[in-house]
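All remarks here apply to the structure that follows.
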There are 2 protein chains.
Amino acid sequence: MLVMTQEKAPQRSGSSGLNALAGHAVSCSEFKYQRGTEIFGEAEPVDYLYQVKSGAVRCYKMLADGRRQIMAFHLVGDIFGVENGGVHRFTAEAIVETTVSLTDRLNVVGEEGGRAAGTNNVLRLVTSNLQHAETHMLLLGRKTAIEKVAAFLVEMDARLSAAGVLNLPMNRRDVADYLGLTLETVSRALSQLRERDVLTFTGRSHRQIILRDRARLAEFDH
Amino acid sequence: MLVMTQEKAPQRSGSSGLNALAGHAVSCSEFKYQRGTEIFGEAEPVDYLYQVKSGAVRCYKMLADGRRQIMAFHLVGDIFGVENGGVHRFTAEAIVETTVSLTDRLNVVGEEGGRAAGTNNVLRLVTSNLQHAETHMLLLGRKTAIEKVAAFLVEMDARLSAAGVLNLPMNRRDVADYLGLTLETVSRALSQLRERDVLTFTGRSHRQIILRDRARLAEFDH
DNA sequence: CGATCTTTTGAAAGAGGTCAATTGAAGTGG
DNA sequence: CCACTTCAATTGACCTCTTTCAAAAGATCG
């Protein structure tokens with residue numbers, strides 16, 4: 001697992017070498033991953049901090065028999081791959097063709113040493129991941145299928161709704177593995193919300209969703 | 001929620017007479033909470049860092065209709081109550097009579113500023129909480145009832161097994177709310193493990209559990 | 001256009017939840 | 001020490017939500 005395979009090796013893309021983290025000299029460049037390819041794997045050593053420039057990433061854990069739980073989706077602007085021990089605790093994969101900017105991790109920790117006015121970047125990052133995890137545990141442990149799907153739509157709406165259209169990069173199985181459901185149940189919940197005029201699909205793809213009644217959607221998401 | 005009620009007010013235990021509330025000079029003292037009382041509530045401002053000296057604490061979130069999800073149990077030695085924003089994201093309660101040592105949070109951050117050789121305390125703390133949350137999401141989203149209960153026993157065994165006896169401070173409802181189950185399902189799973197000779201109860205209480213076959217227990221916990 | 005992948009939908013089965021009754025443990029006051 | 005009460009845990013019967021299995025319709029792509 002420690003060897004970079006051909007499939008997974010990042011391809012350097014030709015764009016700006018500029019630094020996202022209010023930056024330092026260089027230490028940062030961009031890579032492109034084809035859809036479905038692994039960015040890093042569980043138990044691999046941590047080398048970098050990643051930021052999504054375009055595309056989307058899923059981070060997940062798996063059980064021995066193949067059951068998968070997606071901990072989080074990372075969309076444009078999100079930073080991920082922070083660990084404290086030297087090893088990744090989960091796998092990260094590109095959901096669609098994804099460009100990621102790679103920052104040398106030690107360099108970032110160095111910045112933190114600079115201590116910009118009371119709050120430090122890495123701590124804030126980890127804390128916001130923890131916050132998301134806590135909210136998600138409540139969802140996984142205690143919400144019904146329709147509540148889970150509604151909560152997912154609300155979350156995605158806040159993240160990537162452009163011009164009133166929710167353009168999902170992930171498929172139903174990804175959504176299901178994020179919510180602790182099966183893909184059929186996700187599909188049924190979406191159909192139910194459509195029947196009740198909470199949402200519509202744009203003509204073509206069933207991954208483009210228009211939220212017609214956010215108030216009523218919010219009612220489903222307790 | 002911001003007012004300290006009589007029930008919830010911590011009782012100073014007989015230790016060092018130094019003042020935690022006044023803030024800076026000395027920043028650590030102990031408080032005792034009766035079982036079932038709140039240590040801090042959701043949306044309350046963050047003032048301190050807590051460490052369990054004796055007893056046990058449950059941290060949970062609730063939905064409007066009363067469904068509860070316990071994010072974590074904190075046992076002797078555990079530190080909890082770390083937030084980055086200024087407000088608690090969940091409620092913390094004493095499960096049994098519990099003594100907690102209270103540390104001024106800013107003071108701790110100050111120490112962190114000292115930067116003890118590369119690793120920083122608060123970051124490590126938050127990261128280990130996040131790690132636990134990630135593992136727990138896998139459990140909540142993808143494990144069966146018996147797998148959840150087995151995983152719970154393995155976790156508790158590692159934490160508080162003394163002299164071969166697991167002495168649980170929490171009741172079945174707490175366990176259920178931790179695992180995303182009902183208390184009846186937890187009870188049934190425990191009975192099933194007992195029937196299969198994986199565990200026994202000590203004569204008296206059903207909160208004292210003897211693990212008779214850790215290897216087989218681990219098989220249930222995938 | 002054919003092949004593959006995705007999504008939806010239906011029917012049946014199953015895991016866990018709900019409701020209810022019973023037993024057991026713990027604490028209280030006489 | 002013994003009723004009496006209360007809380008905790010177990011167990012059973014039934015029900016429901018979600019999963020599983022299967023088929024078909026749609027979308028995407030070479």
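Since we're looking at a predicted model, the values are computed, not measured. All chains are named by letter (A, B, ...) in the order of the sequence lines, taking the proteins before the strands, and each is independently numbered beginning at 1. Reckoned from all heavy atoms, side chains included, excluding hydrogens, waters and symmetry mates.
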Going by the side chain to side chain donor-acceptor pair (under 3.5 Å) test, which pairs reach into residues 185-201 of chain B, not counting sequence neighbours?
-> T182(B)-T185(B)
Using a cutoff of under 3.5 Å, can you pull out all pairs of nitrogen or oxygen atoms linking the protein to nucleotides 10-14 of chain D, with atom names and distances?
from, atom 1, to, atom 2, distance (Å)
dT10(D), OP1, R172(B), NH2, 3.2
dT10(D), OP1, H206(B), ND1, 3.1
dT10(D), OP2, R172(B), NE, 2.8
dT10(D), OP2, S187(B), OG, 2.6
dT10(D), O5', S187(B), OG, 3.0
dT11(D), OP1, R194(B), NH2, 3.4
dT11(D), OP2, S191(B), OG, 2.5
dG12(D), N7, R188(B), NH1, 3.0
dG12(D), O6, R188(B), NH2, 3.4

For [X] and [N], give me the distance from atom [atom1] to atom [atom2], rounded to whole Å.
X       : N       : atom1 : atom2 : result
I95(B)  : dA8(D)  : CD1   : C1'   : 15 Å
D177(A) : dT19(D) : CG    : P     : 11 Å
R142(A) : dT18(D) : CZ    : C1'   : 16 Å
I146(B) : dG17(C) : CD1   : P     : 13 Å
L168(A) : dT6(C)  : CG    : P     : 15 Å
E147(A) : dT18(D) : CD    : P     : 9 Å
D174(A) : dT6(C)  : CG    : C1'   : 12 Å
I209(B) : dA8(D)  : CD1   : P     : 16 Å

Please list, chain by chain and in numerical order, all residues satisfying salt bridge (Lys or Arg N to Asp or Glu O under 4.0 Å) with [X], sequence neighbours excluded.
X       : answer
E97(B)  : K32(B)
R214(A) : D157(A)
E184(B) : none
K143(A) : D221(A)

Can you list every salt bridge (Lys or Arg N to Asp or Glu O under 4.0 Å) pair that touches residues 69-82 of chain A, not counting sequence neighbours?
-> D78(A)-R159(A)
When you get a sec, tell me which of dG17(C), dA9(D), dT19(D) is the closest nucleotide to the side chain of N171(B)?
-> dA9(D)
Estimate the overall bend of the helix from dC1(C)-dG30(D) to dG30(C)-dC1(D) from the end axes over five pairs each, rounded to 10 degrees.
-> 40°
Does any non-hydrogen side-chain atom of L183(A) lie less than 4.5 Å from one of V175(A)?
-> no
Report which part of the nucleic acid S205(B) touches: base, sugar-phosphate, or nothing (heavy-atom distance under 4.0 Å, all strands).
-> nothing
What nucleic acid atoms does G180(A) come within less than 4.0 Å of, heavy atoms only: base, sugar-phosphate, or nothing?
-> sugar-phosphate
Who passes side chain to side chain donor-acceptor pair (under 3.5 Å) against Y60(B), sequence neighbours left out?
-> E93(B)
Can you say whether the rings of H206(B) and F201(B) are parallel (under 30°), tilted (30 to 60°) or perpendicular (over 60°)?
-> parallel
Is the shortest side-chain N/O distance from R207(B) to OP1 or OP2 of dA9(D) below 4.0 Å?
-> yes
